[in-house]
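First up is the structure itself, then whatever we jot down about it.
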Amino acid sequence: MRTALPAGLALASAAMLAALLAGGVTAAAVFGLLAAALPVGLISLALARRGRLRRGALHLAALAVLLVGSTAAMLALRGAGADGPRLAGLPFSLAVLLSGIWLVPLLLTGLAHGLTFDAGAPPARPPGDAPGR
Amino acid sequence: MPLLDRPAAAVAALAYLAVVLAIGAWAARRTRTSRDFFIAGQGIGLWVTGLATTSAAFSGFVFLGGPGLTYRIGASSFLIIASTGFTAAMLCWVVGRPLREMAGEAEIYTVPDAVLARYGSRTASGLAAVAVVVGTVGYLGAQLLALGILAETVFGTRELLGSWSLPAAMAAGLAVVLAYAVAGGMLAGVWTDLFQGALMVGAAVAVFAYALAAGGGLGGISRSIAASPEFGPDFLDPLAGVPPATAFGFFFVFAVGTLGQPHMLHKFYMLDDVRKLRWLPVVVGGSQSLCLLIWVGVGLAVPALVAAGRMAPLANPDDAAPAFLLGFVPAGLAGLVFAGVLAAIMSTADSFVNVGSAALVRDLPRALGRPPLRDELRAGRWATVGIGVAAALLAGLYGDLVALLGTFAFGTFAAALAPALAVGLNWPRVTARAAAASIATGLAANLGLELLARRTPLPGGALPSAVALAASFTVLFAVSWLGGRRVQSRTWRLPCTSHGPKRGRAGLSQNSSFSASSPAPMIVDSSGKAALP
């Protein structure tokens, strides 16, 4: 994890930059999916620093599924128009945005932060890490 | 009809102003030190910190700019706010906890202070201070622009003063902001934020209910918009109102970029006990989500009402919220809501002048190797005035929607500061050189691309701030891995501060949680708190 997480974030950042500079719908879709995943990567990095990654893994996996899945759904439903599926009176893509990226993660992350919170200091050396390398 | 022609509304708005000024006067008497001025004496609890964070984050951008942007680009604008679902917790996990722990050990008032403490680099800290000043002027400009539009509606000055109406309204708003910001600093800010945050939440929920009722519920609103030739079904598609790259850029900048917003990060320094971070995301995320109902509700209701012929099409999208409030909300509630919007603008403006003045008075002189100012408190107050005037000039010259000026400012903070803080506070391999390169890249790219995009749109409609933020992250990782020697930063060895700061130690230089390569040793003040050089 010591190298894998930063490496993943670095690759994602570079890919996002390349996608933005390339332009086009496919590149925008790649950018959108990576943008949805990046926050989960940053939270993972922070939890790993404190040695709490394993404890928060389930919450983070759920968050990743919600964010990336909702983004993918919006991409799939793009341009569905008035004939597309509806949820609670709204077009499905808008309902997915409001529920899958906003409301459900609000409950999930609020509870996850409270439940995985450690009152103490981070470990001097997170598991699997070696300072100074 | 101006709001002041409705006595109940006018009374509500004036009562609000009286309360805010009273809080400012009370806080001014309690502001005795620069510590009080900049971080409210580090004695603020969970609810005050949570609501103050919401108040500082939400502003004219949300209450006026949001519905206006939705009117122009449709549901794509919701990608700006949807990330509120997780940003509060992400803030606490990624930057809030380390920053609060640093503030418990060292005399850290500002984001550039934290950059200096983490990286031991005056260059990186100075660049962070420049980014803070640039972003502050932009964001404060957005607040003043929103304040001017609001004041025009309240006082009906557009008919009276013509083209001088907006500048005059902005000048009046600036005078009120400066009055209590100069007097009370952050201590005034957080207590007005508490009052304002509560008011904003109540006002947003009430307006959302009226918006749904006026539009015929979500289903009715949706049908009216979809059937309208002016808006059409694509208006409700999150990826159709703007190019997908722009829409996802909104999401990226406003989700990840939250980690670099100094006016929000500042609040973590003020928390009196690190353990209160535990449920802070619930307070911040919950209150922010309630406030954002006004963006969603009014943003969807106004086009639906225009589509149904119950409201005239808007000449200026930023008039969406004022027009709805004046036409579809009872006068007393409209007055309260205007006061709530005013509250949002004022609290954010106050936070920004405070953050910006700290960067000018403390951080930039230090980065240039100048000795600390003799009277930091007084200088901070003068800097506050200077930043306010610069922001008013920018707002007058910008000539576009409140939300777009706000997006530029938010993007400045995001691109310049988020990578160095979010990654640097959690990964020891990030070097001072990498941080400085990342901050410089983010700042220059955001400014340069913003200017470029005004002439020629970027490929695929990419948002300048998103490109700058991605570039800033990329440079941070690349320089950390490829450039220079590895610096053994020990950020993760931050001591626990839940039992208060460690007193009587020989400063952080020997037991430092921060960079071991600090160019100047940290010193310890009379209270045993480490002070930055």
Side-chain angles (χ1 to χ4, degrees), chain A residues 6 9-10 13-14 16-17 20-25 27-29 31-32 35-36 38-39 42-43 45-47 49-50 63 67 74-75 77-82 86 88-91 93-94 97-98 101-106 109-110 112-114 117 119-124 126 131-133, chain B residues 75 78-79 81-86 88-90 92-94 217-219 222 226 233-234 236-240 243-245 248 251-252 255-256 259 275 277-279 281-282 285-286 289 422-423 426-429 459-460 462 466-467 470-471 473-474 477 481 488 490 492-496 498:
Chain A
L9 288 168
S13 305
M16 289 166 73
L17 180 60
L20 282 170
L21 295 177
V25 176
F31 169 68
L38 197 75
L42 290 170
I43 296 170
L45 190 67
L47 286 179
R49 180 183 76 86
R50 306 192 76 86
L63 181 63
L67 298 183
M74 286 191 294
L75 282 164
L77 291 163
R78 181 168 178 254
R86 305 183 81 80
L90 295 172
S93 58
L94 179 54
L97 170 66
L98 297 179
I101 294 182
W102 187 355
L103 299 180
V104 180
L106 179 66
T109 57
H113 187 271
F117 187 82
R133 292 201 52 198
Chain B
F78 297 154
L79 277 153
I81 55 177
S83 59
T84 305
F86 60 88
M90 183 176 69
C92 291
W93 266 315
V94 179
L218 281 177
S222 178
D234 280 351
L236 297 169
D237 185 336
L239 300 182
F248 289 131
F251 174 81
F252 178 47
V256 177
L259 299 169
R275 287 170 294 188
L277 279 171
R278 181 174 208 141
W279 296 109
V282 175
S289 293
V423 181
N426 295 294
W427 188 42
R429 189 161 171 167
V467 178
F473 267 112
T474 305
F477 284 112
W481 256 310
Q488 183 180 345
R490 290 173 285 172
W492 55 42
R493 297 186 66 187
L494 289 164
C496 175
S498 56

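Order of the sequence lines fixes the chain letters, A, B, ..., with proteins taken first and strands second; residue numbering starts at 1 for each chain. In this text, all values refer to a predicted model and were calculated from it rather than measured experimentally.
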Measuring heavy-atom distances to chain B, does Leu75(A) have an atom under 4.5 Å in its side chain, in its backbone, in both, or in neither?
both
Could you look at Val467(B) and say if it's the side chain, the backbone, both or neither that has a heavy atom under 4.5 Å from chain A?
both
Among Ser289(B), Pro243(B), Gly217(B), Ala422(B), which residue forms the greatest number of heavy-atom pairs with chain A at distances under 4.5 Å?
Ser289(B)
Leu259(B) versus chain A, heavy atoms under 4.5 Å apart: side chain, backbone, both or neither?
side chain
Among Ala462(B), Pro238(B), Ala470(B), the residue with the most heavy-atom pairs under 4.5 Å to chain A is Pro238(B)
Can you confirm whether Leu106(A) sits close enough to Thr84(B) that some side-chain heavy atom of one is under 4.5 Å from a side-chain heavy atom of the other?
no
Val256(B) and Pro39(A), any side-chain heavy atoms less than 4.5 Å apart
yes
Pairwise side-chain contact, Met90(B) with Ser83(B), heavy-atom cut-off 4.5 Å (strictly under):
no
Option in Ala27(A), Gly32(A), Ala29(A), Ala36(A) with maximal non-hydrogen atom pairs under 4.5 Å from chain B
Gly32(A)
Looking at side-chain heavy atoms only, is the closest gap between Thr109(A) and Ile43(A) below 4.5 Å?
no
How many angstroms lie between atom SG of Cys92(B) and atom CG of Leu277(B), to the nearest 0.5 angstrom?
5.5 Å
Please classify the contact between Phe86(B) and chain A as side chain, backbone, both or neither, with a heavy-atom cut-off of under 4.5 Å.
both
Do Val94(B) and Leu45(A) have side chains that approach each other closer than 4.5 Å (heavy atoms only, starting at C-beta)?
no
Ala89(B) and His113(A) have their tightest heavy-atom pair at O-CD2, 4.0 Å
Mind ranking Val282(B), Val423(B), Ile81(B), Leu218(B) by heavy-atom pairs under 4.5 Å with chain A and telling me who comes out on top?
Leu218(B)
Classify the ring geometry between Phe252(B) and Phe473(B) as parallel (under 30°), tilted (30 to 60°) or perpendicular (over 60°).
tilted
Can you tell me how far apart CE (Met16(A)) and CZ (Phe248(B)) are? Round to the nearest 0.5 Å.
11.0 Å
With only heavy atoms counted, which part of Leu67(A) is less than 4.5 Å from chain B, the side chain, the backbone, both or neither?
side chain
Using a cut-off of under 4.5 Å for heavy-atom pairs, which of Ala88(B), Pro244(B), Gly286(B) has the most such pairs with chain A?
Pro244(B)
Can you tell me which portion of Leu47(A) sits under 4.5 Å from chain B's heavy atoms? Options are side chain, backbone, both or neither.
side chain
Heavy-atom distance under 4.5 Å to chain B: side chain of Ala14(A), backbone, both or neither?
both
Ala466(B) versus chain A, the contacting section by heavy-atom distance below 4.5 Å
both
